[in-house]
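Have a look at the structure below before the remarks.
Just so we're on the same page: letters track the sequence lines, and every chain starts at 1. Note that these values count all heavy atoms, side chains included, but never hydrogens, waters or copies made by symmetry. Remember, predicted model here, so these are calculated numbers, not experimental data.
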Number of protein chains: 2
Amino acid sequence: MKLTEKKINTELKRHNYKLTNQRRAVVVSIVTCQSQFTPALIYEKLHREHPDIGLVTVYRTLGILMDLGLVCELHASGDCPAYTVGTSQHHHHLICNRCGRVVDFTGHRLAELEKRLAKESGFRIDSHVLEFTGLCLPCQKIKC
Amino acid sequence: MKLTEKKINTELKRHNYKLTNQRRAVVVSIVTCQSQFTPALIYEKLHREHPDIGLVTVYRTLGILMDLGLVCELHASGDCPAYTVGTSQHHHHLICNRCGRVVDFTGHRLAELEKRLAKESGFRIDSHVLEFTGLCLPCQKIKC
DNA sequence: GTCTAAATGAAAATAATTATCAATTACAAA
DNA sequence: TTTGTAATTGATAATTATTTTCATTTAGAC
């Protein structure tokens, strides 16, 4: 389940970040994104209703949200780095190459593979990235 | 098995790219990289012996090698995008967070997962990124 | 050797991100 | 409710990464 505006604001407060109007606006802007986004996209979207919010503030807010794990970075998509709203549990992404839609998935156990790799390579593994890309159903129907 | 200088040069020729001294030098520079690299790093390394080769040429050569699938892009590492020399078969990466070493691995079948995801989401999946990060054996022994 | 399209380097242009700093503001405490 | 203060902001400049332009050079086919 994608994080909601309320949940994100609560987390910000919990970590002693002030809830400024600008931050609220950035949060609204990202949670209403259907798919992935970039700092520039959020800025552009915001600019219509809040022409006084600067791109720098978008970068700063996004940085905080990343630190708190409330947004995820995407790698396999067209314009890397791109971002997407986080969820409460560990998950991976399925990304549409055409429209940018991001679908979360869970339930795949990489633990087994991780154990094998650690054993064979001697690595102490602490993280991973797993993303699939392709075309979502609606986009498959669009003729080139 | 990592691609060799010879293999890369052959591929360049095969695709009608001219084998200039600059390209040869860039190729030598990347195949002798123990770990991952960035355009700037390759340029710096080259600059000692070939002060006349420009950074632009490094970018251009790297671009060609990417197009031909002879180098791979890394995502999970510190400075994304970073690159590593390719291999002849489909594989994934295990990356050391400290020294940047890249170990290839193969043999994990994501096909099953891919099929399940495609079915559940309706996506037509055509690619994926899978990378693990951690500390390699030598780096684990270095005390902070 | 000659020819020609491809490749190069220098410089400028563009894009993305971060740092600086004075002015403003959220919000805790009085 | 007012006040004090540290956090936040926007404007601007600085930095970094990458791409474009274009005149000159060069690999390699003939």
In whole Å, I'd like the distance from the CG atom of D67(A) to the P atom of dT18(C). 11 Å
With a 3.5 Å cut-off and no angle check, do the side chains of Q36(A) and T84(A) form a donor-acceptor pair? no
Contacts to DNA chain C from residues 16-25 of chain B, heavy-atom cutoff under 4.0 Å, which residues? Y17(B), K18(B), T20(B), Q22(B), R23(B)
Rounded to whole angstroms, how far apart are CG on L41(A) and C1' on dA15(C)? 16 Å
Quick one: H15(A) NE2 to dA6(D) P, roughly how many Å, whole number? 22 Å
To the nearest 0.5 angstrom, please state how far the CZ atom of R98(A) sits from the SG atom of C136(A). 9.0 Å
Separation of dA16(C) atom P from Y83(A) atom OH, nearest Å, is 12 Å
Quick one: L62(B) CG to dT8(C) P, roughly how many Å, whole number? 13 Å
Do the rings of H47(B) and Y43(B) sit parallel, tilted or perpendicular, given the 30° and 60° boundaries? tilted
Nearest-Å distance for atom pair CG/C1', residues L55(A) and dA13(D): 15 Å
Selection from dT18(D), dT20(C), dT21(D) that lies nearest to any side-chain heavy atom of R60(B): dT21(D)
Could you tell me the separation between the CD1 atom of I64(B) and the C1' atom of dT18(D), rounded to a whole number of Å? 16 Å
So, does E73(B) use its side chain to make a donor-acceptor pair with the main chain of A82(B) at under 3.5 Å? no
With the side chain defined as heavy atoms from C-beta on, T57(B) is closest, among dT18(D), dA19(C), dT8(C), to dT8(C)
Going hydrophobic residue to hydrophobic residue with side-chain gaps under 4.5 angstrom, can you get from I95(B) over to V71(B)? no
Give a yes or no on whether the backbone of K6(B) and the side-chain of T10(B) come within a donor-acceptor separation of less than 3.5 Å. yes
Taking only N and O in the side chain of K13(A), is any of them less than 4.0 Å away from OP1 or OP2 of dA26(C)? no
Between the side chains of K45(A) and T32(A), does any donor sit under 3.5 Å from an acceptor? yes
Rounded to whole angstroms, how far apart are CD1 on I53(A) and P on dT8(D)? 15 Å
